[in-house]
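Structure, as structure tokens:
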Amino acid sequence: MNAQCYVNEVYNDVVKRNGNEPEFLQAVKEVLNSLVPVLERHSEYIEDGIVERLVEPERMIVFRVPWIDDNGKVHVNRGFRVQFNSAIGPYKGGLRFHPTVNASIIKFLGFEQIFKNSLTGLPIGGGKGGADFDPKGKSNREIMRFCQSFMSELFRHVGQFTDIPAGDIGVGGREIGYLFGEYKKIKNQYEAGVLTGKGINYGGSLTRKEATGYGLIYFVERMLQAKNKDFRGKTVIVSGSGNVAIYAIEKAQELGATVVACSDSNGYVYDKDGIDLDYVKEIKEVQRKRISEYIKYRPQAEYHEGCSGIWTIKCDIALPCATQNEIDENSAKILVENGVIAVGEGANMPSTSEAVSVFLDSNVLFGPAKAANAGGVATSALEMSQNSMRLSWSFEEVDNRLKKIMINIYENVSSAAAEYGCEDNLVLGANIAGFLKVADAMLQEGIV
Ligand code: GLU
């Protein structure tokens with residue numbers, strides 16, 4: 001069968017089955033479009049139904065998460081875990097706690113994770129999970145009870161050789177600690193490798209916290225270097241102010257850039273002299289407050305309500321590190337008009353497909369999420385290695401490995417793009433390079 005017809009047929013089936021899941025369809029469409037030239041060369045993938053198997057999760061778990069708030073009131077949330085693909089390793093991917101979480105969000109994230117994890121070069125399959133729970137304004141004890149209830153169901157589906165969750169939006173070191181404590185209690189065994197992003201004193205890895213943000217900068221640095229450019233003296237916008245954003249800002253500053261803005265879901269701060277990261281860390285990591293607090297520390301900075309305004313600030317490099325679809329076509333056009341030279345995606349799918357087209361058509365260097373933000377999950381895999389060996393590496397050791405992995409990802413992605421005739425299209429390159437490893441494993445493992 002003709003590759004384009006095959007892809008159309010598979011996509012139509014995906015729409016039929018998941019018509020009410022727009023984010024999932026968006027992620028699938030982008031990948032399938034990239035695969036047509038690969039399928040033209042490799043009819044064996046069509047014959048073995050690789051693509052129709054790839055778009056259907058191996059398993060999707062949906063469960064009730066009841067918990068009791070500090071006033072004794074009962075609440076019920078919905079928990080999810082999608083175990084998308086285990087061809088190259090156990091399912092691996094974070095947990096997101098956010099009120100917008102639903103099946104579409106979890107499936108788009110799980111689907112992306114398959115290719116991202118493959119690109120790391122490490123043996124990890126694709127999975128993702130979470131709940132429509134809103135951690136905002138909850139006490140520590142409420143968070144703990146929620147995590148315990150969530151794990152009291154999830155434990156039967158995960159394990160170091162089966163499925164290894166980690167953090168994502170709304171799930172950081174505190175939540176992983178509570179989840180791990182509950183898992184350990186239920187199983188009565190110390191299985192450190194069941195979760196990653198753990199605290200350093202109970203099996204966590206140095207550099208894991210910094211890894212997604214640092215990795216993003218290592219990737220973008222390599223992408224700039226290919227065009228004889230670097231971060232020095234550049235004006236950078238980083239959206240978000242969570243774990244990814246904070247450590248992207250830290251590394252970009254270290255490389256000589258001026259980061260002038262960051263944000264949260266309520267609004268953004270613009271500090272033209274450069275964001276003072278110590279205050280952002282204090283507000284977000286210690287006080288767990290809103291980014292609007294920043295102007296209390298830095299009265300010369302501006303705070304603006306609403307998120308999309310951040311992309312109207314003039315910059316050389318834009319690093320969306322907040323959430324999906326935060327850059328739409330209009331924001332992308334404004335960034336281009338303002339002279340942006342590079343965009344690196346720290347969040348998952350932060351640019352709409354129209355925005356991606358604007359960047360590619362304008363020859364903006366564009367590092368797609370599944371390549372550019374793979375440093376987090378790559379370092380999770382390094383955490384699993386350390387857990388298996390029962391030893392821990394130094395910060396430098398892990399950081400060096402992370403840097404090598406990010407550079408390798410860039411090389412693989414750009415050579416896959418070149419091989420398929422689109423040298424600077426790293427979207428295509430990432431989808432193809434990520435796909436090939438998984439597809440070959442699926443061929444070798446038979447139709448399962
Ligand atoms: N949530 C992160 C991601 O999107 C990290 C996942 C992990 O470490 O397993 O890749």
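Note: hydrogens, waters and symmetry copies are ignored here, and every other heavy atom, side chains too, is used. When a ligand or atom number is given, it counts from 1 through the structure's own listing order.
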Query raised in the report: Among side-chain atoms of Lys209 and Asn243, is any donor-acceptor pair under 3.5 angstrom?
Result: no

Query - ligand 1 atoms in contact with Lys92 (distance to a heavy atom under 4.0 Å) - result: 7 (C), 8 (O), 9 (O)

Query - Protein heavy-atom partner closest to atom 6 (C) of ligand 1 - residue, atom, separation in Å - result: Gly94 N, 3.5 Å

Report task. Decide, yes or no, whether a salt bridge links Glu411 with Arg222 under the criterion of side-chain N to carboxylate O below 4.0 Å. Result -> yes

**Report entry** Distance, nearest 0.5 Å, that separates CG of Leu119 from OH of Tyr410
**Finding:** 14.0 Å

Query raised in the report: Can Arg96 be said to touch ligand 1, with heavy atoms closer than 4.0 Å?
Result: no

Query - Side-chain ion pair, Lys229 and Asp316, N-O less than 4.0 Å - result: no

Query raised in the report: Judged by non-hydrogen atoms, does Glu112 sit under 4.0 Å from ligand 1?
Result: no

Report task. Answer yes or no: is there a side-chain heavy-atom contact under 4.5 Å between His157 and Thr162? Result -> no

Query raised in the report: Does ligand 1 have a heavy atom under 4.0 Å from the side chain of Asn348, from its backbone, from both, or from neither?
Result: side chain

**Report entry** For ligand 1, the portion of Lys128 having any non-hydrogen atom under 4.0 Å away
**Finding:** side chain

**Report entry** salt_bridge(Arg96, Asp168) N-O dist < 4.0 Å
**Finding:** yes

Report summary line: If you scan protein heavy atoms around atom 8 (O) of ligand 1, the nearest is Ser380 OG, 2.6 Å

Report summary line: Taking only non-hydrogen atoms of Lys116 and a 4.0 Å limit, the atoms of ligand 1 in range are 3 (C), 4 (O), 10 (O)

Report task. Could you tell me whether Lys281 and Glu250 have a side-chain N and a carboxylate O separated by less than 4.0 Å? Result -> yes

Report task. Using a strict 4.0 Å cut-off to heavy atoms of Ala166, name the atoms of ligand 1 that fall inside it. Result -> 7 (C), 8 (O), 9 (O)

Report task. Ignoring angles and geometry beyond distance, decide whether Arg208 reaches within less than 3.5 Å of ligand 1 through its nitrogen or oxygen atoms. Result -> yes

Report task. Say whether Gly167, considering both its backbone and side-chain N or O atoms, lies within less than 3.5 Å of an N or O atom on ligand 1. Result -> yes

**Report entry** Salt-bridge criterion met for Lys403 and Glu396 (N-O under 4.0 Å)
**Finding:** no

